[in-house]
2 protein chains.
Amino acid sequence: MKNNTNIDNQEDKIGKNFVFDENSCPVTATMKVLGGKWKPILINAIYLTAPARFGELKRSVKGITQSMLTQQLRELEDDGLISRKIYAEIPPRVEYTLTEFGLTLSPIMQAMAKWGEEYRINKQKA
Amino acid sequence: MKNNTNIDNQEDKIGKNFVFDENSCPVTATMKVLGGKWKPILINAIYLTAPARFGELKRSVKGITQSMLTQQLRELEDDGLISRKIYAEIPPRVEYTLTEFGLTLSPIMQAMAKWGEEYRINKQKA
DNA sequence: CAGTATCCCGTTAGATACTG
DNA sequence: CAGTATCTAACGGGATACTG
């Protein structure tokens, strides 16, 4: 739960003048990569249907628009989570796959999925 | 990584007409709770300084405004992650603590923190 | 088929002022 | 001290049209 790098500085124990800074929070960094409406779904979809084609994703991811799909795929690619393979064919074909690094998200996604389910149960009671 | 409840339906294996729906993605549900600019930092801050007072949080969480702090604390409370204890004193005192349920986020936060650090290293190389 | 380019809107976050 | 109320700015996401 220690998500502030200042924590490493033993001089600066959690005292009255300790400061929590968003820029040094690695959880926030992860959220930026996984955040937004489509990222988790897309990662999951690509994981389960790899190699995933653009048109397939457009059909299978309910409600996503073409521009959103392109944009999100670019961001995932820039973050090194997915790889994009272009086939010089007519009609054009592009396939997306999770990279090795993208696969390292697996335990986090699983933990989040499990927690999310418990959260729903918890909310229904409240 | 299976974050679509449809996955449980064995009739509907990942085929050509499989649909990924945002409403049935528990990862997205978790993201809504943990998402936004301040939630991870606040959860961490409350965890490390509990019982955390309003004024303390305002001072220690760098850059947060009073209205944002109030709003985020309310949301965390409504989600059952933190508890709010009011002391009928002058001057008024309010203390925030993680609930049992809030503490169950710990493994996720730790996993995300670890991944976020590796992501940063990965990005610097690219 | 797999995109790019624009324009638009709703939500989220920030600034400021006021109060029990 | 610990809030609430209100207004404004920024950004994520959506609709539509066009293209190699």
Side-chain angles (χ1 to χ4, degrees), chain A residues 16 20-23 25 28-29 31-43 45-46 49-79 82-97, chain B residues 16 20-23 25 28-29 31-43 45-46 49-79 82-97:
Chain A
K16 289 306 156 197
F20 297 95
D21 184 358
E22 49 178 306
N23 298 316
C25 178
T28 301
M31 300 279 290
K32 281 191 181 154
V33 177
L34 276 184
K37 187 174 179 178
W38 302 111
K39 295 285 174 66
I41 295 172
L42 278 176
I43 291 171
I46 294 172
T49 66
R53 295 190 56 179
F54 186 89
E56 273 173 26
L57 289 170
K58 185 163 173 272
R59 259 182 290 110
S60 63
V61 177
K62 193 173 167 185
I64 198 167
T65 61
Q66 203 160 17
S67 41
M68 265 300 111
L69 180 54
T70 303
Q71 181 184 312
Q72 302 295 314
L73 288 171
R74 285 294 167 283
E75 291 178 14
L76 289 173
E77 196 189 355
D78 291 343
D79 284 333
I82 64 175
S83 72
R84 182 166 179 267
K85 194 166 184 183
I86 308 144
Y87 295 85
E89 304 173 355
I90 307 281
R93 178 160 58 116
V94 181
E95 286 180 352
Y96 296 92
T97 322
Chain B
K16 289 308 157 197
F20 297 95
D21 184 358
E22 48 178 307
N23 298 316
C25 177
T28 302
M31 299 278 289
K32 280 190 182 156
V33 178
L34 277 184
K37 188 173 179 179
W38 301 111
K39 294 285 175 65
I41 295 172
L42 278 176
I43 291 170
I46 294 172
T49 67
R53 295 189 56 178
F54 186 90
E56 273 174 26
L57 289 170
K58 186 163 172 273
R59 260 182 288 109
S60 64
V61 177
K62 193 174 167 185
I64 198 167
T65 61
Q66 205 161 17
S67 43
M68 265 300 109
L69 180 54
T70 302
Q71 182 184 312
Q72 301 297 311
L73 288 171
R74 285 295 167 285
E75 290 178 16
L76 290 173
E77 197 189 353
D78 290 344
D79 283 334
I82 65 175
S83 71
R84 182 167 179 264
K85 194 166 184 181
I86 308 144
Y87 294 84
E89 304 173 354
I90 306 282
R93 178 159 59 116
V94 180
E95 287 182 352
Y96 296 92
T97 322

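Lettering of chains follows the sequences in order, A, B, ..., and the numbering in each one begins at 1. As a basis for the values below, the full set of heavy atoms in this structure was taken, side chains included, without hydrogen atoms, waters or symmetry mates.
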Practice task
Compare the minimum distances between each of C/dG3, C/dA15, D/dG14 and the side chain of A/Trp38, then state the nucleotide with the smallest one.
Solution key: D/dG14

Problem - Interatomic distance where CE belongs to B/Met31 and P belongs to C/dT12 [whole Å] - result: 14 Å

Fill in the blank from the handout: Separation of C/dG3 atom P from A/Leu69 atom CG, nearest Å, is 8 Å

Handout entry: Nearest-nucleotide pick for A/Gln72, side chain only, options being C/dA15, D/dG3, D/dG13
Key = D/dG13

Practice task
Using whole Å, report how far NZ of B/Lys37 lies from C1' of C/dA15.
Solution key: 13 Å

Fill in the blank from the handout: Looking only at D/dG3, C/dA13, D/dC1, the nucleotide nearest the B/Arg84 side chain is D/dG3

Completion exercise
A/Ile86 atom CD1 is separated from C/dA2 atom C1', nearest whole Å, by 10 Å

Handout entry: Spacing of A/Gln66 atom CD relative to D/dA15 atom P, expressed in whole Å
Key = 13 Å

Exercise for the section: Quickly work out the B/Tyr87 OH to D/dC1 C1' distance and round it to whole Å. Expected result: 15 Å

Completion exercise
When A/Arg74 and A/Glu22 are each assigned the nearest nucleotide of DNA chain C, the 5'-most assignment goes to A/Arg74

Fill in the blank from the handout: B/Arg53 has its side chain closest, among D/dC1, C/dG14, D/dG13, to D/dC1

Fill in the blank from the handout: Here the distance between atom C1' of C/dA13 and atom NZ of B/Lys62, to the nearest Å, is 18 Å

